[in-house]
There are 2 protein chains.
Amino acid sequence: MGATVTSRALAILGAFDGEHRSLSLTDLARRAGLPLATAHRLVGELQRWGALAREPNGEYVIGRRIWQLGLLAPVQSGLRQAASPFLHDLYGTTLATVHLAVRDGLQVLYVERLAGHVSVPVVSRVGSRLPMHATGVGKVLLAYAPEEVRMEVLQNLTRITAYTVTQPARLLEQLRRVRAEGYSTTGEEMSLGACSVAVPVRSGDTVVAALGMVVPDLRRQLPRLVSALQVAAHGIGRTLTGDPSIQWK
Amino acid sequence: MGATVTSRALAILGAFDGEHRSLSLTDLARRAGLPLATAHRLVGELQRWGALAREPNGEYVIGRRIWQLGLLAPVQSGLRQAASPFLHDLYGTTLATVHLAVRDGLQVLYVERLAGHVSVPVVSRVGSRLPMHATGVGKVLLAYAPEEVRMEVLQNLTRITAYTVTQPARLLEQLRRVRAEGYSTTGEEMSLGACSVAVPVRSGDTVVAALGMVVPDLRRQLPRLVSALQVAAHGIGRTLTGDPSIQWK
DNA sequence: GACGCTCCTTCCGCTCAGTGGAAGAAGAGT
DNA sequence: ACTCTTCTTCCACTGAGCGGAAGGAGCGTC
């Protein structure tokens with residue numbers, strides 16, 4: 001059992017997540033698995049440093065200092081910088097929710113997002129992870145992932161909606177098509193009422209990211225969206241190839 | 001002298017800043033003021049948890065986990081949310097780099113940014129701080145800051161480029177004009193080849209932020225840019241006034 | 001190919017920082 | 001006035017953390 005002081009402090013920070021953005025001391029202690037007195041002292045130190053802040057209502061939230069540190073993280077920073085203007089253009093021409101994602105292990109990690117006006121149920125948030133087999137960007141990344149990754153993901157196709165593809169053979173077929181046609185689509189596989197298209201972003205020969213879009217319905221405008229995405233992805237790729245340091249562990 | 005384990009771990013994280021995004025173990029130990037062996041152990045723990053990551057070259061950088069945590073921080077989240085659509089619109093109509101900044105102590109803190117394609121040397125990054133006297137948003141925030149803040153900033157006008165305003169009297173005169181005319185400008189005062197315009201964002205009577213724009217040249221289009229900025233700033237202000245919780249310590 | 005330099009990793013016995021049970025304070029319902 | 005919950009403070013015991021020192025691992029120099 002991890003009993004080092006540092007691991008305890010980190011356990012406190014780790015108690016926060018997307019659903020728990022603010023926590024009381026007691027919650028914090030419980031979630032971190034620490035005695036109240038211990039949590040209290042650690043929380044005090046973290047707060048003094050600026051890692052945590054206290055809301056008017058007494059609950060704790062992640063502090064400004066961590067926010068600033070996080071912005072220094074080289075999480076795809078080269079990629080994000082290169083992509084940023086293209087994402088805006090894409091948003092400008094399509095007014096759809098636009099995503100930039102990379103593969104992180106067996107999941108998709110969203111590194112950038114622009115939210116559209118249109119009320120489509122979008123689950124992703126910047127910094128969140130989703131399964132690969134049920135998202136547009138995920139299918140692209142999976143299609144170009146190393147064989148072993150693909151195999152492991154195929155073992156565990158959890159059902160999310162009634163339309164989620166859960167048969168390995170069918171998904172494999174889809175992935176082959178992604179490679180052949182250069183784009184992937186999903187239809188309400190992650191959340192009802194949301195469809196998506198995505199294309200790979202290449203730097204040289206390797207696919208470093210996926211660029212995707214979420215819309216309520218695909219049928220009519222598919223070709224237009226795909227070509228808009230491809231233009232943007234190509235632009236990002238060209239910018240990247242100029243840049244020597246693309247972060248990818 | 002901070003000798004608690006937690007404070008040491010935090011000191012290690014604190015060793016990173018805008019100019020030092022990746023550090024060797026030795027640098028880290030030196031900057032955090034810790035013996036090498038101690039730093040080594042702490043760094044190991046931080047890395048295991050994901051607070052730090054190791055680059056191929058052996059240097060340490062802020063890890064993905066901290067990045068994710070930072071995204072949960074409620075830093076100006078009300079303000080940023082309110083501003084986001086207006087920033088997009090602004091970018092859409094002007095295609096210039098657009099900034100949203102607040103005052104943090106004696107510096108400008110950039111809380112949001114949209115980067116344009118245009119190759120203008122832009123120094124600011126989201127989460128970074130810059131001096132107030134050499135940036136467009138800074139001058140706006142300074143113009144409306146409490147007297148004491150203004151005085152303290154005026155004591156220390158460091159020169160950055162050949163055009164930086166370093167005479168207190170001249171800056172004061174500029175600030176008076178900002179208040180009178182409702183916008184500020186800079187001409188290559190922060191970096192050569194970059195000019196900027198900025199306007200205040202008001203919530204009720206108080207100036208809560210500044211909205212700015214960086215362009216290669218101001219002369220011809222100044223009136224157009226100022227009015228675009230003012231429309232956006234006004235919109236943000238109106239959205240904010242509806243919102244009860246604007247984060248400002 | 002031996003030397004010197006810098007940077008990283010491991011070891012281990014001493015000791016003081018961290019621990020956490022418990023008691024007290026401060027609210028907020030009822 | 002009471003109970004229940006959450007927060008804060010206290011303090012004596014003890015094992016987790018400390019860090020000097022020694023041992024790698026590179027790399028450039030002569």
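Each chain gets a letter, A, B and so on, in the order the sequences are listed, and its residues count up from 1.
- Within 4.0 Å of A:Leu34, counting heavy atoms only, lies no atom of the nucleic acid at all.
- Proximity of a side-chain donor or acceptor of B:Thr161 to a complementary backbone N or O of B:Tyr163 within less than 3.5 Å is detected.
- Rounding to whole angstrom units, CG of residue A:Asn57 and P of C:dG27 are separated by 15 Å.
- Comparing A:Val5 and A:Gly58 against DNA chain D, the residue whose closest nucleotide sits nearer the 5' end is A:Gly58.
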Side chains of residues 131-145 of chain A: which donor-acceptor pairs under 3.5 Å do they make with residues two or more places apart or in other chains?
from     : atom 1 : to       : atom 2 : distance (Å)
A:His133 : NE2    : A:Thr158 : O      : 2.7
A:Thr135 : OG1    : A:Gly138 : N      : 2.9
A:Lys139 : NZ     : A:Gln174 : OE1    : 2.7
A:Lys139 : NZ     : A:Thr185 : O      : 3.2
A:Lys139 : NZ     : A:Glu189 : OE1    : 2.8
A:Lys139 : NZ     : A:Glu189 : OE2    : 3.3
A:Tyr144 : OH     : A:Arg202 : NH2    : 3.3

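- By the 4.5 Å heavy-atom criterion applied to side chains, B:Val98 and B:Glu112 are not counted as neighbours.
- With a heavy-atom cut-off of 4.0 Å to chain B, the contacted part of DNA chain D has its first and last nucleotide at D:dG17 to D:dG20.
- Mapped onto DNA chain D by nearest heavy atom, A:Leu25 and A:Thr6 fall at different nucleotides, with A:Leu25 at the one closer to the 5' end.
- Ion pairing of A:Glu45 with A:Arg48 is absent here, as no side-chain N (NZ or NE/NH1/NH2) approaches a carboxylate O to less than 4.0 Å.
- Judged purely by atom type and a 3.5 angstrom limit, B:Arg21 has no side-chain atom pairing as donor or acceptor with the backbone of A:Ala73.
- Neither OP1 nor OP2 of C:dG18 sits under 4.0 Å from any side-chain N or O of A:Arg8.
- Using a 4.0 Å heavy-atom distance criterion, B:Arg30 is classed as making no nucleic acid contact.
- The stretch residues 37-47 of chain B touches DNA chain C through B:Ala37, B:His40, each having a heavy atom within less than 4.0 Å of the strand.
- Taking the salt bridge (charged side-chain N to carboxylate O under 4.0 Å, His left out) definition, one finds that A:Glu148 meets it with nothing, sequence neighbours left out.
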Under 3.5 Å, which donor-acceptor pairs do the side chains of residues 25-44 of chain A form with other protein atoms, sequence neighbours left out?
from    : atom 1 : to      : atom 2 : distance (Å)
A:Asp27 : OD1    : A:Arg30 : NH2    : 2.7
A:Asp27 : OD2    : A:Ser24 : OG     : 3.3
A:Arg31 : NE     : A:Ala15 : O      : 2.9
A:Arg31 : NH1    : A:His20 : NE2    : 3.3
A:Arg31 : NH2    : A:Ala15 : O      : 2.8
A:Arg31 : NH2    : A:Asp17 : OD2    : 3.2

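- Listed by chain and residue number, nothing satisfies the salt bridge (charged side-chain N to carboxylate O under 4.0 Å, His left out) test with B:Glu188 (two or more places apart in sequence, or in another chain).
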